[in-house]
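Below is one structure, written out as structure tokens; comments come after it.
Bear in mind the structure is a predicted one, so any value in this text is a computation, not a measurement. Note that these values count all heavy atoms, side chains included, but never hydrogens, waters or copies made by symmetry. Throughout, protein chains are lettered first and strands after them, A, B, ... in sequence-line order, and every chain is numbered starting at 1.
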Amino acid sequence: MAESQTQNPLSRFAERIGRGAVSGIEELGTCGVLVVESLYWLVAGPRLRQPVRLGAVFVQMMEIGIKAIPIVAMMAGTIGVMLAIQGIHTLKIFGAESRVVVGIAFSVVREFAPLITGIIVAGRSGSALAARLGTMKISQEIDALHVMGINPTRYLVVPAFLSLVVMVPSLTLLSDFVGLFSAGLYVGADLGISMAAYVDQTIEVLSLDDLTHGLGKSVIFGVLIAVIGVVNGASVTGGAEGVGRVTTRAVVQAISAIVVTDMLFAFVATR
Amino acid sequence: MAAPSKDTTAAPVIEVEDLVTHYGPRMILKGVDMDVKEGEIMVIMGGSGSGKSTLLRHLMALEYPTSGIIRLLGQDVGALGTLEMLDLRKRLGVAFQGGALFSSMTVGENIMLPLSEHTDLDPMTMQIMARIKLEVVNLAGFEDLMPSELSGGMIKRAAVARAIIMDPKILFCDEPSAGLDPAVASALDDLLLRLRDAMGMSIVVVTHELDSAFKIADRITVLDQGKILFIGPTDELRNHKSERIQNLLNRRAEEEVLDVDAYLSRLTGVTVDGGASL
């Protein structure tokens with residue numbers, strides 16, 4: 001302790017960066033191990049007489065997916081209208097407001113639907129996952145699973161992991177429809193384009209590639225939310241305060257990871 | 001009153017040889033050797049930081065040592081594969097200090113969990129088995145309550161019911177009577193004695209409570225600074241001449257020779273040379 005206090009500020013700064021980098025790499029490694037371990041239990045669970053319970057997966061799907069429908073639909077609808085307003089306002093400058101449908105279709109399906117869905121699920125379910133696992137860890141419930149011969153990854157993580165991988169793309173598809181529909185309503189009211197014409201134009205503009213681009217991203221978002229929630233929940237120390245800390249950390253990290261991944265995905269996919 | 005002594009020639013169900021554990025640079029356990037015989041209650045005692053909780057986690061195979069061997073029911077836990085370890089765990093039961101009941105499940109569901117995960121029994125049979133175990137711990141009729149609706153003593157008893165649902169060969173209890181009033185603590189002690197006598201379980205208990213330890217133990221292990229200070233029957237412990245053991249039994253803190261320079265260094269973070277004044 002005395003030694004670190006006598007170091008100069010530059011050394012202390014460098015030491016802090018070094019420690020942060022090592023712990024970041026360590027955390028990334030933990031994420032990788034968790035994904036592999038989850039896949040292992042999914043495949044090898046039945047052979048080890050520890051199959052992943054479908055009931056638990058459905059419970060998680062209900063919690064993560066079905067119960068999120070109202071908020072996801074509301075946000076997707078709002079984003080759709082917002083895009084329509086902004087698109088018409090911008091294109092008016094060039095007198096090209098009738099082309100707004102193209103911008104809305106691409107923006108909703110390729111970017112905004114997966115992004116807003118990912119962010120909502122991260123805030124809603126990623127935090128809940130971290131808090132649940134953190135609380136279970138400090139109350140020794142995870143240890144209890146271990147000693148009962150129930151692997152915690154198989155019992156707690158895999159159902160949440162599977163549910164996120166299935167439900168985030170499903171919710172994204174819902175966001176696509178709701179976002180496009182609400183934008184269509186606004187465009188119809190503002191520009192007088194009929195819904196049938198709006199739908200025709202949208203279908204003409206969009207390809208299957210655009211849809212798979214958005215849905216593909218959302219699968220990755222689901223994996224990120226699961227892994228970040230679990231790693232943070234499992235790293236909790238220090239009681240209830242620690243649970244609050246890891247929950248916040250899980251949300252911030254998941255949203256940051258989603259936004260950065262979205263940017264990288266867009267960059268790679270448009271090359 | 002000491003518990004009736006058990007057969008000292010019984011086969012060991014737990015064997016620990018030269019167990020060494022480090023947490024980072026700190027050595028927690030410094031070469032521990034011990035065994036627990038079939039059908040006996042072994043109580044592990046020691047002051048704070050003596051390593052008893054770490055030893056218990058190793059015995060429960062929740063942590064692995066830096067070196068040394070732990071054999072549970074004749075199997076070296078360090079050499080077991082995943083499947084063998086899962087099979088071994090089905091023959092162990094653990095009642096944690098805080099109960100560690102799953103807060104999202106009822107008491108009955110908590111107790112049935114090992115059955116539903118490890119057996120193909122139908123739900124009715126599992127419910128009947130859970131009710132039998134709840135009767136053993138005097139909690140009959142509480143299966144539909146949530147853990148949050150139970151008192152501290154009830155939670156500990158429910159945890160014991162969950163720990164014995166698979167009829168384990170070894171039961172581990174971490175501070176079973178801590179924080180309980182004397183009557184409830186005594187009832188829990190009686191429950192452990194019943195489990196030993198009626199089911200022939202080997203029981204390992206970590207506790208601070210001297211009265212409880214002397215009531216239930218066949219043998220007591222005293223840990224001090226990561227080493228075994230004493231291991232043997234309760235009467236032998238009571239009459240032991242060692243000052244450290246007598247201090248532990250009489251709950252006296254040992255006198256510590258205060259190194260003034262080291263103490264000041266710890267407080268200030270500055271190395272103080274002998275005789276120098278601040």
Open item on the list: Counting only non-hydrogen atoms closer than 4.5 Å, does B:S104 touch chain A with its backbone (N, CA, C, O), its side chain (CB onward), both, or neither?
Closed with: neither

Open item on the list: Quick check: closest heavy atoms across B:Q97 and A:Q140, and the distance to 0.1 Å?
Closed with: N-OE1, 4.1 Å

- [ ] Report the option among A:M136, A:Q50, A:R47 that has the most heavy-atom pairs separated by less than 4.5 Å from atoms of chain B.
- [x] A:Q50

TODO: Heavy-atom pairs under 4.5 Å with chain B are the metric here; pick the option from A:I142, A:T135, A:D143 that has the most.
DONE: A:D143

Open item on the list: How about NZ on A:K137, more than 12 heavy atoms from neighbouring residues, nucleotides or ligands closer than 6.0 Å, or not?
Closed with: yes

Open item on the list: Is A:R132 close to chain B through its backbone or its side chain, or both, or neither, when contacts mean heavy atoms under 4.5 Å?
Closed with: neither

- [ ] Nearest 0.5 Å please: distance from the CG atom of A:L145 over to the CD atom of B:E117.
- [x] 8.5 Å

Open item on the list: Quick one, A:N151 and B:L86 - any side-chain contact, counting heavy atoms below 4.5 Å?
Closed with: no

Task: Side-chain touch A:E141/B:F96, heavy atoms, less than 4.5 angstrom - done: no

Task: Atom CG of B:D122 with >12 non-hydrogen neighbours under 6.0 angstrom - done: yes

Open item on the list: How close do B:H118 and A:M148 get, counting heavy atoms only, and between which atoms?
Closed with: NE2-O, 2.6 Å

Open item on the list: Can you confirm whether A:M62 is buried at CE, in the sense that more than 12 heavy atoms of other residues, nucleotides or ligands lie under 6.0 Å from that atom?
Closed with: no

Task: Heavy atoms of other groups near A:F13 CZ, more than 12 under 6.0 Å - done: no

Open item on the list: So for atom CZ, which belongs to B:F102, do other residues, nucleotides or ligands contribute more than 12 heavy atoms lying within a distance under 6.0 Å?
Closed with: yes

Open item on the list: For B:I165, which atoms come within 4.5 Å of any heavy atom of chain A: side chain, backbone, both, or neither?
Closed with: neither

Task: Toward chain A, the part of B:T119 with a non-hydrogen atom under 4.5 Å - done: neither

- [ ] Check B:R89 against A:H146 and note the closest heavy-atom contact, atom names and distance.
- [x] CD-O, 2.7 Å

Open item on the list: Please identify, among B:R57, B:M60, B:M166, the residue contributing the most non-hydrogen atom pairs under 4.5 Å to chain A.
Closed with: B:R57

